Amino acid sequence: MTDGWVHWNGKLQPAAEASVSTADRGLLLGWGCFETLQALGGQPYAFTRHFLRLEAGALALGLAAPEKEELLGHCRAVLEANGPEKARLRITLTAGPDEGAPSLLIATSALPQRAATSRVLFSRRRRERGGGLTRLKTVSYLDNVLALREATRQGADESLLFDEAGQLCEGATSNVFLVREGQVWTPPLSSGCLPGVTRELVLELAAKFGLRCHQAAIDRASLFQAEELFLTSSTRDVQGIAQCQDHLLEGAPGALTRQLQEAFHEWQREVIDP
């Protein structure tokens with residue numbers, strides 16, 4: 001972003017004045033991790049869960065994560081300075097230009113307006129289950145970006161990624177769920193999918209409703225046989241899928257998807273850090 005206020009390496013400043021060192025290893029090597037949160041009423045939603053994932057990602061990449069309360073204070077300061085009631089908040093931590101001196105950027109942008117349902121396509125790109133960056137939310141995000149671009153150029157909203165064996169992993173920017181015979185299914189973390197915060201919350205909600213939830217392998221045929229499909233992410237919450245490839249899902253979002261949508265939004269209103 002080129003306007004508004006950001007937190008950059010310990011200082012709240014206008015975004016236009018923030019500058020990145022040409023030696024920053026996040027820029028040069030893609031060495032870093034990030035979190036994208038939804039901000040509601042000037043507060044980052046589900047901050048603790050996002051912080052724990054950021055902390056785990058930083059540890060895996062050999063970076064020093066900021067202290068939780070310090071980071072929360074910086075996030076609140078950025079949200080207060082920019083003033084939006086509802087926004088997208090991004091925390092980016094990179095290796096910085098020097099050993100032991102990571103760079104920290106916190107910025108806001110408008111929360112994307114999502115349609116009630118989405119159209120998804122299968123990507124030609126493949127996920128490697130045992131890859132070194134599997135399950136980490138790193139700034140080395142080009143594979144996801146190109147997969148999404150591939151889909152949006154064909155008029156779709158999201159791209160679904162599979163592994164070499166043809167098993168579903170995740171969406172380029174989301175986790176994927178299906179409903180069949182009143183039961184909820186999603187790929188396991190062992191598939192290489194990102195441990196999404198909204199994914200985790202939806203699984204907890206489904207369990208509260210007494211729904212049977214399965215984290216198990218899902219192939220292409222299962223997607224076409226599903227009664228309902230939906231995506232989850234921190235900026236789309238729970239979004240039904242109306243079309244998967246050429247397959248139409250009549251009445252999307254389905255009844256169970258709507259139930260989870262409503263329960264999730266109620267949880268958001270009641271608890272800012274579930």
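If you read the sequence from its start, that first residue is 1, and numbering goes on from there. In what follows, every heavy atom counts, from backbone to side chain, and hydrogens, waters and symmetry copies are set aside. Please read all numbers here as calculations on a predicted model, not as lab measurements.
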Heavy-atom closest pair (Ser118 atom, Asp157 atom, distance to 0.1 Å) is CA-OD2, 3.3 Å
Original post:
Would you say Asn175 and Thr198 make side-chain contact, with heavy atoms under 4.5 Å?
Top reply: no
Item checked: Any donor-acceptor pair under 3.5 Å from Gln239 side chain to Ala115 backbone -> yes
Find out whether Phe264 and Thr232 are in side-chain contact, i.e. whether some heavy atom of one side chain is under 4.5 Å from a heavy atom of the other. no
Does any N or O in the side chain of Asn82 come within less than 3.5 Å of the main-chain N or O of Val78, such that one atom is a donor and the other an acceptor? yes
Checking Gln215 side chain against Trp185 main chain: does a donor-acceptor pair fall under 3.5 Å? no
*asked:* Is it the case that the side chain of Asn9 and the backbone of Leu104 share a donor-acceptor pair, with hydrogens and angles ignored and the cut-off at 3.5 Å?
replied: yes
>> Looking only at the side chains, is there a donor atom on one of Asp219 and Ser222 sitting less than 3.5 Å from an acceptor on the other?
In response: yes
d(Thr186 OG1, Phe230 CZ) to nearest 0.5 Å is 7.5 Å
Output for pair (Thr173 OG1, Tyr141 OH), nearest 0.5 Å, gives 6.5 Å
Would you say Val184 and Phe209 are hydrophobically clustered, going by side-chain heavy atoms of ILVMFWY under 4.5 Å?
yes
With a 4.5 Å cut-off on side-chain heavy atoms, are Cys75 and Leu89 touching? yes
Here the salt bridge (Lys or Arg N to Asp or Glu O under 4.0 Å) pairs for residues 133-153, sequence neighbours left out, are Arg124-Glu150, Arg125-Asp143, Arg127-Asp143
Using side-chain heavy atoms (C-beta onward) and a distance below 4.5 Å, is Thr108 in contact with Arg88? no
> If we ignore angles and hydrogens, is there a donor and acceptor under 3.5 Å between the side chains of Asp273 and Gln43?
Replying inline: no
So salt bridge (Lys or Arg N to Asp or Glu O under 4.0 Å) across residues 244-270, not counting sequence neighbours, yields none
Side chain of Asn144, backbone of Ala172: donor and acceptor closer than 3.5 Å?
yes
Rounding to 0.5 Å, atoms NE2 (His247) and CZ (Arg119) come to a distance of 13.5 Å
Salt bridge (Lys or Arg N to Asp or Glu O under 4.0 Å) pairs touching residues 34-61, sequence neighbours excluded, are Glu35-Arg53, Arg49-Glu200, Arg49-Glu204
Pair Thr92-Arg90, side-chain donor/acceptor within less than 3.5 Å: yes
CG (Leu59) and CG (Leu54) are apart, to the nearest 0.5 Å, by 11.0 Å
inquiry  = Do Trp31 and Phe34 sit in one hydrophobic cluster, given that two such residues count as connected whenever their side-chain heavy atoms are within less than 4.5 Å of each other, even indirectly?
reply    = no
Q. Would you say Leu203 and Leu194 are hydrophobically clustered, going by side-chain heavy atoms of ILVMFWY under 4.5 Å?
A. no
*asked:* When you compare the side chains of Glu158 and Ser174, does any donor N or O come within less than 3.5 Å of an acceptor on the partner?
replied: yes
### Message
Between Thr235 and Pro112, is there a side-chain heavy-atom distance shorter than 4.5 Å?
### Response
yes
Would you mind reporting whether Phe162 and Cys169 have side-chain heavy atoms less than 4.5 Å apart? no
Legend entry - Cluster check Phe122, Leu248: I/L/V/M/F/W/Y, side chain < 4.5 angstrom: no
Flag side-chain contact, heavy atom, 4.5 Å: Pro274 against Leu201
yes
query: Is a side-chain donor or acceptor of Trp8 paired with a backbone partner of Gln13 at a separation under 3.5 angstrom?
result: no
Asp98 side-chain N/O to Ala101 backbone N/O, donor-acceptor pair under 3.5 Å
no
### Shared hydrophobic cluster for Ile241 and Leu223 (ILVMFWY, side-chain gaps under 4.5 Å)
yes
So, does Gln245 use its side chain to make a donor-acceptor pair with the main chain of Leu121 at under 3.5 Å?
-> no
Exercise. Within the side chain of Thr257, is there an N or O that forms a donor-acceptor pair under 3.5 Å with the backbone of Pro253?
Worked result: no
- Query: Do the non-hydrogen side-chain atoms of Glu181 and Glu227 ever get within less than 4.5 Å of each other?
  - Reply: yes
Arg220 and Gln225: side chain donor to acceptor below 3.5 Å: no
